[in-house]
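Below is one structure, written out as structure tokens; the observations come after it.
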Amino acid sequence: MPNWQSNSELATDSLIFIKLLHALMGLYAWEFMISLDFDWAVLTGKKKFRWPLTFYFAGRYLLLFAMIGTLIGLDTPVEINCKALYVFSQVAGDAAVGLACINLSLRTIAIWSHDKWIIGILVLIMLGHWSLILQGVPVSATWVPGFGCAIVENSTTIPAATFIYSMCFDFVVLCLTAYKLAWTPRRTGSSGLNTKLVRMIFSDGLVYFIIAFLANLAATVFMILDLNAVMSILFNAPAAIASTIVASWAVRRLYNFDFGSPGVYHSNQQPSINFRSPHPPQVSRPTNEPTVIRVEVDTFSQGHPLSDLEAYGTRKPGSDSLSFHGDQEQKRPGSV
């Protein structure tokens with residue numbers, strides 16, 4: 001069992017910490033660059049900006065600046081104010097974790113059609129989360145000649161509570177989403193998860209929860225163990241990066257989802273389109289019986305919970321939708 005407080009162990013752990021942060025910066029920079037076209041399309045107006053994207057951009061860029069600030073403290077050969085730089089990096093990194101939770105919460109609020117009880121519950125949870133984030137005790141760092149900024153002291157109580165709170169928060173959001181998308185439709189006899197949009201929302205939320213939970217769990221375990229100042233925060237950066245990457249990925253997938261494609265969502269009744277084929281096949285059939293092609297389509301009915309996902313900038317078809325039953329055309333005003 002090594003002596004975690006010895007100078008040699010601290011030097012070894014610091015070296016591991018530095019290499020890990022450089023590797024994580026490479027990972028995040030790669031993910032940032034391959035998704036930069038989405039940011040550019042929104043900023044240039046090619047994609048319509050919607051207010052939930054404020055939290056997407058804030059979390060994405062705050063984490064980038066936090067990583068840059070941390071690497072500056074590790075790599076600069078000139079003496080700097082290490083404490084101020086690390087305070088900024090820690091606050092920005094923790095804020096990115098909080099914003100990742102908000103991104104998933106906004107999707108859940110939209111799925112529940114802005115239900116006042118759901119909004120109240122999630123807003124209270126958000127306030128509790130941010131109260132922990134903003135009162136987190138920053139690490140204490142000092143300048144070491146020939147090495148850079150070194151962490152000399154770190155309090156783990158509030159940061160550990162913040163990560164545990166994040167895991168519970170994510171679990172509540174996942175349960176609310178699963179209940180609305182899977183259990184409620186099944187109880188009412190509708191199709192449940194048998195649609196493309198619902199499967200995507202549910203699977204994205206599940207992927208986010210699994211990845212964020214495991215990353216936050218690793219960070220929490222090492223903070224509770226409190227082996228030394230470096231090991232206590234070793235997995236903080238991986239947890240923040242994992243949560244931000246997956247949350248941003250989920251937001252972009254929903255924003256880019258094409259609501260005009262078939263298989264979007266089943267309403268309570270499954271309308272169908274029956275129309276005559278302009279080129280009937282060359283087969284023998286009774287002359288009085290026309291060739292009928294049945295095409296099952298999914299529609300978005302006004303007032304359905306998923307219709308509120310328009311706030312994410314998803315593309316919907318025209319303001320009116322047509323429902324065809326047999327050979328009779330019926331127009332349903334108010335549908336989207």
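These values consider heavy atoms only, across backbone and side chains, with no hydrogens, waters or symmetry-generated copies.
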By ring pair (Phe, Tyr, Trp, His ring centres under 6.0 Å) - contacts of Tyr208 (at least two apart): none

What ring pair (Phe, Tyr, Trp, His ring centres under 6.0 Å) pairs are there with at least one residue in residues 212-238, not counting sequence neighbours? Phe209-Phe213, Phe222-Phe235

Can you pull the side chain to side chain donor-acceptor pair (under 3.5 Å) pairs that have at least one residue in residues 115-124, sequence neighbours excluded? none

Straight-line distance of Met167 CE to Thr162 OG1, nearest 0.5 Å: 11.0 Å

For Glu9, salt bridge (charged side-chain N to carboxylate O under 4.0 Å, His left out) partners two or more places apart: none

Taking salt bridge (charged side-chain N to carboxylate O under 4.0 Å, His left out) as the definition, give me every residue that meets it alongside Asp39, ordered by chain and number, with sequence neighbours left out. Arg60

Under 4.5 Å between side-chain heavy atoms, chaining through other members, with only Ile, Leu, Val, Met, Phe, Trp and Tyr counted: pull out the rest of the cluster around Trp40, sorted by chain and number. none

For Tyr56, give me all partners under ring pair (Phe, Tyr, Trp, His ring centres under 6.0 Å), at least two apart in sequence or on another chain. Phe38

Return yes if some donor-acceptor pair links the side-chain N/O of Gln90 with the main-chain N/O of Leu85 below 3.5 Å, else return no. no

Linking directly or through intermediates, with side-chain heavy atoms under 4.5 Å: list the remaining ILVMFWY members grouped with Met223, chain and number order. Phe163

Path from Val97 to Leu99 over hydrophobic side-chain contacts below 4.5 Å: no

Pairing residues for Phe32 by the ring pair (Phe, Tyr, Trp, His ring centres under 6.0 Å) criterion, not counting sequence neighbours: Tyr61

Filter on salt bridge (charged side-chain N to carboxylate O under 4.0 Å, His left out), then keep only pairs touching residues 229-247, sequence neighbours left out; what's left? none

Quick check against the 3.5 Å criterion: does Ser131 have a side-chain atom that pairs as donor or acceptor with the backbone of Gly128? yes

According to side chain to side chain donor-acceptor pair (under 3.5 Å), does anything in residues 214-229 pair up with another residue at least two apart or in another chain? List the pairs. Asp13-Asn228, Asp226-Ser232

Report the residues that fulfil ring pair (Phe, Tyr, Trp, His ring centres under 6.0 Å) with Phe88, sequence neighbours left out, ordered by chain and then residue number. none

